Amino acid sequence: MNVNDISQQKIDASCRVPLLALFGVAALWLVVGLLLAVIASLTFHAPQMFADCSLLTYGHVQPAANDAILYGFCIPAALGVMLWIFARLGETELVLPLVPVVAANIWNLGVLVGIVAILIGDSTGFPWLEFPRGSSVLLFAAFLLIAISAVATFGQRKERGLVPSQWFLLVALLWFPWIYSTANLLLASGHPVRGVTQAVIGWWFANNLIFVWLALVGLGTAFYLLPKLAGRPLQNHYFALFAFWTFLIFATWCGIPQGAPVPAWLPALSSVASSLLIVPLIALAVVFVKTVCGAKVTCKGGPFCYVKFGTTAFFLSALMLIASECPNFSRVVEFTWFGPAQEQLQIIGFFAIVICGAIYELLPRVMGFELPFPKFVRAQHWCFMLGIILVVVPLAIGGIEQGLKMENAGTAFLDVMQATLPFLRASTLGLLLLLLGSLLFAANVFVMTFKWKLAQIKTVIAFIKSPLETASASASLRRDQGEVKP
Amino acid sequence: MKNGFSVFIAAFITLGASWCGFVLAPVLQLGTAKQTSVLMSGDTYPVQRIGNATLGLQVYRANGCAACHTEQIQQSGVVFDVIVTGVGKNEAAVVDLISSFVKTEAGFGTNQLPKTILHGVDKIQADSASDKITAAGGKVETHLIPTGADIARGWGVRHGVAADFLYDDPVQLGSQRIGPDLANVGARFGTANLQLLHLYAPQSVVKNSAMPPFRFLFEVRKISGTGVPPVRTGETPVPLQLPTGFAPPDGYEVVPTEDAKNLVAYLSSLHADAPLYEAPFTPPQIPTNQVPTNAPAK
């Protein structure tokens with residue numbers, strides 16, 4: 001064991017408590033969110049199911065499911081991964097490790113308040129921004145606290161040069177507070193803007209969060225993990241630089257629907273930007289393919305598979321976004337299930353899978369012992385892969401068919417709606433698979449946390465029993481942890 | 001990209017640009033929007049929703065109705081109808097001209113006025129026909145008719161515009177049509193009682209509807225005394241007349257809560273049917289004994 005390994009172990013150990021605080025509850029929110037999504041989709045099997053239960057009516061459960069997955073799981077889990085990547089790339093221990101722990105609790109309180117508020121009918125009514133004001137303030141404060149710790153760690157880095165992964169992650173730290181504060185101040189405050197301006201700002205926020213922010217963090221994570229796991233550097237730096245700039249320039253202008261009742265220059269600009277988005281996508285695809293192809297890695301359903309599948313899903317989701325902003329195609333698929341299919345692919349197919357892969361990669365290192373159920377990793381990979389395919393493919397095909405039937409005014413609306421039901425019911429199966437996968441993930445994270453707490457309690461007990469033996473007890477603990485490969 | 005500062009600048013410039021474009025510019029352009037005038041009328045549009053309808057928007061928001069319903073009509077284009085309303089002094093020439101458009105065996109007689117001579121044509125054809133007849137001394141009206149699947153379905157009369165949402169907070173445009181569009185539902189859905197019935201048991205009004213029933217917006221209560229509604233302060237709720245299969249057990253009645261009544265008031269107030277500068281059309285002829293209403297109904 002050389003000096004380098006020991007310092008890396010120290011770095012990993014410094015992340016332990018904050019990361020556990022972030023991942024533990026995030027895993028729980030992922031299960032809750034997918035459970036709510038399954039409940040929402042039950043409405044399409046039996047519309048009368050929740051007729052007397054206002055909490056579980058579709059209009060409550062659907063946004064609650066979306067927000068639980070996005071705000072409950074995606075963002076805090078991603079922040080945890082980000083802290084670890086900053087510490088690792090900077091070769092420095094996490095700065096202010098207690099701040100993210102406090103922030104994680106504030107964040108989770110905010111999400112809890114928000115989800116309960118949506119279920120009891122207290123949402124703001126703006127898609128992806130449903131949490132009421134109090135909850136948004138908590139989320140915003142928690143994000144800033146974690147960002148402080150992340151930026152401080154970044155500033156302490158010993159390796160001064162930056163790699164592409166750090167550009168993407170650092171930008172994301174600025175992005176979220178800006179869009180979240182703008183959207184909340186202008187939409188959910190006491191003096192909202194007037195008329196359809198609300199909708200425009202809502203679309204701007206949703207696109208910048210769901211498409212841009214998730215892409216920045218997901219790609220940043222992928223660009224750290226792919227070279228690391230493939231055992232060779234990112235191919236290459238200049239393509240990544242070009243992709244980074246063009247992506248930032250074009251992606252942030254997408255998201256205004258083509259048929260929206262707003263001044264025509266808004267959707268037109270959005271349409272142009274999204275067609276130009278093909279440029280950064282090609283550059284990103286070159287980076288991805290050149291880094292991954294030919295790498296001698298047998299991933300066996302491990303983190304490499306997660307990141308590879310997730311990044312591929314990102315390209316598909318971006319292509320779906322470009323298609324849905326193209327005026328001719330948009331006329332067909334606007335207001336159909338095609339949009340939700342793209343969002344699910346982006347949030348779960350791309351982001352959640354990349355982040356789960358990253359967590360499986362970092363958790364054994366950070367905790368100092370192996371995963372309790374290593375076989376679950378592969379099982380979860382299959383559940384997530386099949387699950388997301390079973391959600392996205394039926395919804396996308398069903399959406400196009402719905403759109404084509406809607407174009408024909410001779411088809412009664414009821415027939416159009418009936419024709420989409422088989423697709424929606426098929427997607428319930430996909431959601432159930434995703435739920436199963438999330439349970440496997442939660443099992444690994446929870447048992448790991450439990451084992452770690454047990455080990456801590458044992459140390460304390462040993463300390464109480466015989467103060468003289470503590471040195472050897474903690475030494476034996478350290479020996480246990482030392483068994484893991486760095 | 002050598003240091004953190006250059007990355008920060010990259011983010012600041014790119015996000016700042018889109019912030020100016022999609023946040024600042026729309027606020028400057030639309031933030032001070034006012035009522036506009038209705039074409040061919042002295043009315044202004046829209047009219048502020050009053051009372052229950054404003055409260056109803058909050059019920060609409062709270063129950064996430066926009067998860068399944070949009071409030072934006074789409075329009076694919078416009079066509080024109082050319083209608084002759086008078087033949088003027090040069091009757092024979094005008095009748096000849098009209099007969100060249102109207103190819104019926106009986107021919108054209110002045111007793112058939114007003115007569116639609118062209119239906120669903122483009123602007124060039126409509127203008128040329130209109131010019132010819134006007135030049136001959138006839139009187140012509142050209143009607144502008146929006147087209148599109150939504151309009152053919154009867155969901156609305158023109159595409160949605162920013163003015164439709166001037167007084168809404170929050171603006172509930174919706175993004176998915178799991179149910180029909182509601183932009184103009186107040187004009188087509190009939191009575192408030194029918195809407196209440198539809199909320200309580202959608203399948204009793206539209207068979208095979210996928211809409212979840214909103215029974216929690218209603219109260220099922222025992223009919224007291226001899227069937228005479230109990231005396232209460234304020235308005236007495238009217239029990240729903242439910243068809244068999246949906247009715248509560250004998251001795252019980254279903255009455256709407258305030259929320260349900262407000263929601264129906266809001267739905268009834270949805271009338272996106274005023275011809276505007278940015279969304280023109282020729283309103284259907286209104287019999288003279290009725291006052292035209294373009295503004296949202298109460």
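Worth saying up front: this structure is predicted, and the values here are computed from it rather than measured. The figures here come from the full heavy-atom set of this structure, side chains too, leaving out hydrogens, waters and symmetry mates. All chains are named by letter (A, B, ...) in the order of the sequence lines, taking the proteins before the strands, and each is independently numbered beginning at 1.
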Residues R49(B) and T54(B): side-chain donor-acceptor under 3.5 angstrom: no
Can you tell me which portion of C65(B) sits under 4.5 Å from chain A's heavy atoms? Options are side chain, backbone, both or neither. neither
Can you confirm whether the side chains of W253(A) and S270(A) place a donor and an acceptor under 3.5 Å from each other? no
Where does V151(A) contact chain B at under 4.5 Å (heavy atoms): side chain, backbone, both or neither? neither
Ring-plane angle category for H237(A) and W167(A), please: parallel below 30°, perpendicular beyond 60°, tilted otherwise. perpendicular
Could you please spell out the steps behind the side-chain contact (heavy atoms from CB on, under 4.5 Å) verdict for Y180(A) and L129(A)? CA-CA 9 Å; Y180(A) 199 64; L129(A) 198 70; 4.0 Å; yes
Contact part of N408(A) toward chain B, heavy-atom cut-off under 4.5 Å: side chain, backbone, both or neither? backbone
Under 4.5 Å heavy-atom distance to chain B, tell me which part of I120(A) shows up: side chain, backbone, both or neither. neither
Less than 4.5 Å to any heavy atom of chain B: does that hold for the side chain of Q418(A), its backbone, both, or neither? side chain
Counting heavy atoms not belonging to Y200(B), are there more than 12 under 6.0 Å from its OH? yes
Under 6.0 Å between the ring centres of F44(A) and Y58(A)? yes
Region of V59(B) that comes under 4.5 Å of a non-hydrogen atom in chain A: neither
Given the side-chain rings of F242(A) and F244(A), with only the six-membered ring counted for Trp, is the space between their centroids under 6.0 Å? no
Under 4.5 Å to a heavy atom of chain A? For A33(B) that would be backbone
L266(A) versus chain B, the contacting section by heavy-atom distance below 4.5 Å: both
Does any heavy atom of chain B fall under 4.5 Å from the side chain of M417(A), the backbone, both, or neither of them? side chain
Within the supplied structure, the quantity of interest is the number of heavy atoms (other residues, nucleotides, ligands) at a distance under 6.0 Å from H119(B) NE2; does it exceed 12? no
Output field: ring centroids F423(A)/W337(A) closer than 6.0 Å: no
Return the option, out of Q58(B), H159(B), Q203(B), Q75(B), with the maximum number of heavy-atom pairs under 4.5 Å with chain A. Q203(B)
Side chain, backbone, both or neither: which part of T124(A) has an atom under 4.5 Å from a heavy atom of chain B? backbone
If I measure from the heavy atoms of chain A, does V23(B) come under 4.5 Å with its side chain, its backbone, both, or neither? both
Check the orientation of F168(A) and F223(A). Use parallel for under 30°, tilted for 30 to 60°, and perpendicular for over 60°. perpendicular
Measure W155(B) against the heavy atoms of chain A and call it side chain, backbone, both or neither at under 4.5 Å. side chain
Measuring heavy-atom distances to chain B, does T182(A) have an atom under 4.5 Å in its side chain, in its backbone, in both, or in neither? side chain
Indicate yes or no for a side-chain donor-acceptor contact from Q402(A) to the backbone of R177(B) under 3.5 Å, with no hydrogens or angles considered. yes
Structural part of I256(A) lying under 4.5 Å from a heavy atom of chain B: side chain
Contact origin within D169(B) toward chain A - heavy atom pairs under 4.5 Å: both
Chain A contact via F12(B) - side chain, backbone, both or neither, heavy atoms under 4.5 Å: both
Are the charged groups of R158(B) and D150(B) less than 4.0 angstrom apart, N to O? no
Under 4.5 Å from a heavy atom of chain B, the part of T336(A) involved: backbone
Under 4.5 Å, counting heavy-atom pairs only, tell me which of P180(B), S209(B), P26(B) racks up the most with chain A. P180(B)
Quick one: what part of V193(A) sits under 4.5 Å from any heavy atom of chain B, side chain, backbone, both or neither? side chain
Side chain from CB out, backbone as N, CA, C, O: work out which of these in Q172(B) comes under 4.5 Å of a heavy atom of chain A, or both, or neither. side chain
